[in-house]
Visitor: 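Can you read through this structure? Questions will come right after.
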4 protein chains.
Amino acid sequence: MASAPATRRPVSRARAVATSRFDRRLAEIVSHATEVFCEKGYEGASMRDLSRASGMSLAGLYYYFESKERLLFLIQKHTFTTIVQRLKSRLEGVNDPEQQIRIFILNHLEYFLANPASMKVLSHEAEALKNGFASEVAAIKREYYRICVGLLDDLKRARGLQFSTRIAVLSLFGMMNWIYTWHNSRVDADAEQLADEMSDIFLRGVMTGGKVRR
Amino acid sequence: MASAPATRRPVSRARAVATSRFDRRLAEIVSHATEVFCEKGYEGASMRDLSRASGMSLAGLYYYFESKERLLFLIQKHTFTTIVQRLKSRLEGVNDPEQQIRIFILNHLEYFLANPASMKVLSHEAEALKNGFASEVAAIKREYYRICVGLLDDLKRARGLQFSTRIAVLSLFGMMNWIYTWHNSRVDADAEQLADEMSDIFLRGVMTGGKVRR
Amino acid sequence: MASAPATRRPVSRARAVATSRFDRRLAEIVSHATEVFCEKGYEGASMRDLSRASGMSLAGLYYYFESKERLLFLIQKHTFTTIVQRLKSRLEGVNDPEQQIRIFILNHLEYFLANPASMKVLSHEAEALKNGFASEVAAIKREYYRICVGLLDDLKRARGLQFSTRIAVLSLFGMMNWIYTWHNSRVDADAEQLADEMSDIFLRGVMTGGKVRR
Amino acid sequence: MASAPATRRPVSRARAVATSRFDRRLAEIVSHATEVFCEKGYEGASMRDLSRASGMSLAGLYYYFESKERLLFLIQKHTFTTIVQRLKSRLEGVNDPEQQIRIFILNHLEYFLANPASMKVLSHEAEALKNGFASEVAAIKREYYRICVGLLDDLKRARGLQFSTRIAVLSLFGMMNWIYTWHNSRVDADAEQLADEMSDIFLRGVMTGGKVRR
DNA sequence: TATGAATGAGTGTTCATTCAT
DNA sequence: TATGAATGAACACTCATTCAT
């Protein structure tokens with residue numbers, strides 16, 4: 001897979017977790033940009049909007065990233081990477097497939113509701129990236145998708161179920177990702193409850209009937 | 001609700017069903033525009049793209065609609081209206097709530113797979129319209145949503161079920177509308193089978209467990 | 001040879017010499033641009049300078065040509081083509097090599113002094129064009145160069161002379177093209193006299209001594 | 001004549017010929033800049049290009065010179081001064097005008113071929129400097145020109161020739177300076193031979209015929 | 001001695017739209 | 001019914017330069 005163009009600065013030579021001033025400033029900008037992209041869309045947001053939102057001059061922004069597209073890339077990559085990381089650590093030590101899928105859904109929705117702007121930008125601007133940027137994000141996405149497929153296949157095997165994994169997984173992603181179009185924090189339930197309800201619908205839907213004939 | 005700005009040629013001098021030359025030409029343009037908006041997104045598509053795609057001069061397009069935004073509006077309104085119309089006629093004479101919901105899903109997916117570009121533009125560009133245009137489309141959307149809510153409430157009542165209608169409906173819409181991000185006609189099943197599988201997942205998910213305690 | 005991108009409009013279907021309104025307007029712009037490029041250099045001239053000089057809005061210019069580079073290309077191509085055309089017609093019917101070279105020099109200098117801005121842009125911005133544009137101009141330049149080489153080789157043969165044609169030709173071009181750096185119409189002689197003096201220096205220089213040993 | 005703005009560090013605390021660390025570092029930068037200006041042109045080269053080429057930070061460059069324009073000035077002044085110095089020392093003790101002119105040409109071409117980038121920047125960017133910078137370089141150029149005029153006038157007097165000194169001198173400069181547009185070290189002769197050939201053409205051209213009538 | 005961080009002004013180009021014809 | 005010609009505003013991005021450190 002083609003890797004994205006390197007950032008203009010070498011990797012921070014500091015120990016472990018330490019973040020440089022540069023990295024912190026970049027993170028601030030990325031955060032503002034996420035809000036702007038969320039509100040106006042990637043195409044609809046102008047660099048001037050980002051400049052205004054972050055309180056930095058138009059030209060100043062380019063010290064931190066070399067193109068608007070790379071900024072979107074940074075948002076998407078960071079978001080996806082974080083979700084996958086958290087999922088992996090949460091999945092550790094859990095063996096029951098049903099429980100694992102519940103964790104998958106909870107992890108997704110918790111992150112979603114805690115970072116709605118990031119998740120909208122991830123979901124809604126999936127096609128905006130091109131070439132190297134696109135493929136790098138696509139690789140993480142594929143990994144995430146594969147994990148979900150794995151969990152469902154485990155469930156099928158363990159319970160002797162019969163259904164199309166592909167359609168089940170993509171339906172689940174649809175249920176979850178569509179949230180950005182309707183979730184209203186003043187009206188709707190929190191992540192935990194939402195995850196419960198969606199897990200119930202999905203798991204019952206998938207586990208009821210459709211047994212393999214022996 | 002604020003109504004959208006009137007078209008420049010509201011006087012339809014033709015009787016009843018007959019479509020004028022104007023209407024037919026406009027329909028062609030709308031059709032080309034749908035493809036372009038689907039491929040490049042509403043913001044990403046330029047009037048020059050539309051001119052090229054439809055083979056009409058840039059200025060010529062403005063004889064048929066007075067702004068790019070109105071063009072998007074026409075696409076969305078027509079798409080939504082058609083889906084609702086077909087749904088209503090299909091629902092006539094059917095009384096079983098489960099059957100009705102299966103019809104709802106089939107109707108949605110059939111239209112989706114038969115008009116993928118229209119449906120992507122409807123799903124993906126939901127926020128692009130503003131003010132009058134937005135509210136007119138929102139009204140149809142709300143009607144469509146209400147129908148689905150009604151069907152689910154009927155189901156709940158008929159079967160003594162207990163779940164959040166709002167979340168169930170929005171999950172269902174998520175499953176269905178997300179299709180535009182993944183459906184591949186060379187790989188995936190046709191509308192009927194897809195509708196069956198999604199209906200199974202959704203209805204089993206919603207109908208299993210969760211009975212009202214009496 | 002790669003041909004330059006086509007202009008945005010089809011070739012005028014009018015008879016022979018007739019120029020369309022579009023072509024005339026484009027010619028005006030090209031003329032203004034030549035002056036601006038001459039004064040500020042290609043890189044140093046901005047599209048805004050061209051807009052000001054031609055009295056047309058910045059965006060309006062782009063209706064006539066699709067890039068600043070293409071504008072330079074148009075100038076260079078037209079200038080070179082015209083010189084070569086005139087040269088060919090003047091050379092017809094002349095057989096004496098010395099006379100032919102005198103005509104070559106006169107033709108060059110007459111055009112030069114009559115169109116000093118064009119010629120400076122041709123001479124000074126020879127490296128500014130890239131890829132297809134560059135190669136198309138280079139082709140005409142090569143033809144022009146070849147003609148001169150041919151005349152000098154004829155002279156050598158006819159008079160039994162011995163010298164490096166390449167260096168002679170390029171020295172001659174140097175003498176002639178350098179004019180843009182110094183010619184002052186209020187001080188310096190006109191094209192005819194200048195051509196005489198340069199022809200004398202060059203031809204005597206090349207024809208004196210250096211006979212082939214027989 | 002207005003003198004160019006003083007450098008930021010006019011105090012040379014070193015004795016006589018010794019070059020300070022500052023001067024050596026500056027010379028390196030000037031050398032890299034010459035290559036960059038040669039390749040991209042003065043307007044076309046950015047400070048970032050210079051930073052990259054010299055391996056010094058953008059801001060660091062400004063410690064050595066206060067503007068891009070002054071850098072070009074330094075290049076041109078140094079180049080011109082060196083040529084004139086060498087010429088003067090070579091001309092010492094030579095009395096024959098023809099021989100002197102041959103030395104003039106040889107000196108010019110030797111420096112040209114040994115420092116092609118410098119000479120291209122000198123020849124091609126003659127108009128890029130403004131005001132004080134421009135006039136200081138112009139002064140050296142005028143001196144150089146006057147020397148050549150002097151030599152030719154001597155020749156005319158000594159041999160009783162009749163021709164326009166101005167045109168002869170400027171033609172000679174043209175022949176010589178144009179070299180940067182065509183010289184290819186893998187194909188073309190070295191400086192000595194080139195100087196011989198150009199000297200032959202020029203001197204024969206100027207010395208043949210055109211005697212003063214007595 | 002040198003740089004990281006920042007900026008205002010400017011770059012070439014494209015935008016949706018208009019209007020006389 | 002349709003277009004050629006034109007525009008003001010905006011676009012993403014780069015420029016030479018500065019200044020605290």
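Chain identifiers are assigned alphabetically (A, B, ...) following the order of the sequence lines, protein sequences preceding nucleic acid strands; residue numbering begins at 1 within each chain.
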Visitor: Nearest heavy atom decides the nucleotide; on that basis, is D/Leu61 or A/Gly60 closer to the 5' end of DNA chain E?
Guide: D/Leu61
Visitor: Closest approach to the side chain of D/Leu58, judged atom by atom: which nucleotide of F/dT17, F/dC13, E/dT17 is it?
Guide: F/dT17
Visitor: Can you check whether any acceptor in the base of E/dG12 is under 3.5 Å from a donor in the side chain of C/Arg48, or vice versa?
Guide: yes
Visitor: So which nucleotide does E/dA20 pair with, by the Watson-Crick or G-U wobble rule with both distances under 3.5 Å?
Guide: F/dT3
Visitor: On DNA chain E, compare the nucleotides closest to B/Met47 and A/Ser57; which residue's is nearer the 5' end?
Guide: A/Ser57
Visitor: Mind calculating the distance between CZ (C/Arg70) and P (E/dT13) to the nearest angstrom?
Guide: 13 Å
Visitor: Would you please indicate if the ring centroids of A/Phe22 and A/Tyr64 are separated by under 6.0 Å?
Guide: yes
Visitor: What's the closest nucleotide to the A/Met56 side chain, out of E/dA6, E/dT13, F/dA16?
Guide: E/dA6
Visitor: Which nucleotide in the list E/dA6, F/dC15, F/dC11 gets nearest to the side chain of A/Ser46?
Guide: F/dC11
Visitor: Quick one: is C/Arg25 getting a side-chain N or O under 4.0 Å of the F/dA6 phosphate, OP1 or OP2?
Guide: yes
Visitor: Any salt bridge (charged side-chain N to carboxylate O under 4.0 Å, His left out) pairs touching residues 43-56 of chain C, not counting sequence neighbours?
Guide: C/Lys40-C/Asp49, C/Asp49-C/Arg52
Visitor: Grab the CZ-C1' distance between B/Phe65 and E/dA16 for me, whole Å please.
Guide: 11 Å
Visitor: To the nearest Å, how far apart are A/Glu43 CD and F/dC11 P?
Guide: 12 Å
Visitor: Without decimals, in angstroms, what is the distance between A/Glu66 CD and E/dA5 C1'?
Guide: 17 Å
Visitor: Is B/Glu136 paired with B/Lys77 through a side-chain N to carboxylate O contact shorter than 4.0 Å?
Guide: yes
Visitor: Among the nucleotides F/dA6, F/dT3, E/dT18, which one has an atom lying closest to any side-chain atom of C/Tyr64?
Guide: F/dA6
Visitor: Roughly, in whole Å, what's the span from CG in C/Leu26 to P in F/dA5?
Guide: 11 Å
Visitor: Report the distance from atom NZ of B/Lys40 to atom C1' of E/dT14, rounded to the nearest whole Å.
Guide: 12 Å
Visitor: Could you check how far OH of D/Tyr62 sits from P of E/dG4, rounded to whole Å?
Guide: 16 Å
Visitor: Any side-chain heavy atom of B/Phe37 sitting closer than 4.5 Å to one from B/Lys68?
Guide: yes
Visitor: Looking only at side-chain atoms of C/Lys68, point me to the closest of E/dG12, E/dT1, E/dA6.
Guide: E/dG12
Visitor: Identify all side-chain donor-acceptor contacts of residues 29-36 of chain B below 3.5 Å with residues at least two apart in sequence or on another chain.
Guide:
unit_1: B/His32; atom_1: ND1; unit_2: B/Glu28; atom_2: O; d: 3.2
unit_1: B/Thr34; atom_1: OG1; unit_2: B/Val30; atom_2: O; d: 2.7

Visitor: Of the nucleotides E/dT13, E/dT17, E/dA9, which one has an atom closest to the side chain of A/Ala59?
Guide: E/dA9
Visitor: Once you round it to whole Å, what is the distance between C1' of F/dT7 and CD1 of C/Ile29?
Guide: 14 Å
Visitor: When you check the phosphate oxygens OP1 and OP2 of F/dA6, does a side-chain N or O of C/Tyr63 lie under 4.0 Å from one of them?
Guide: no
Visitor: With DNA chain F as reference, determine whether B/Arg21 or A/Tyr42 sits nearer its 5' end, using the nearest nucleotide of each.
Guide: B/Arg21
Visitor: Now, which nucleotide makes the Watson-Crick or G-U wobble pair with E/dT11, with each of the two distances under 3.5 Å?
Guide: F/dA12
Visitor: Over 60° means perpendicular and under 30° means parallel, so tell me whether A/His124 and B/His124 are parallel, tilted or perpendicular.
Guide: parallel
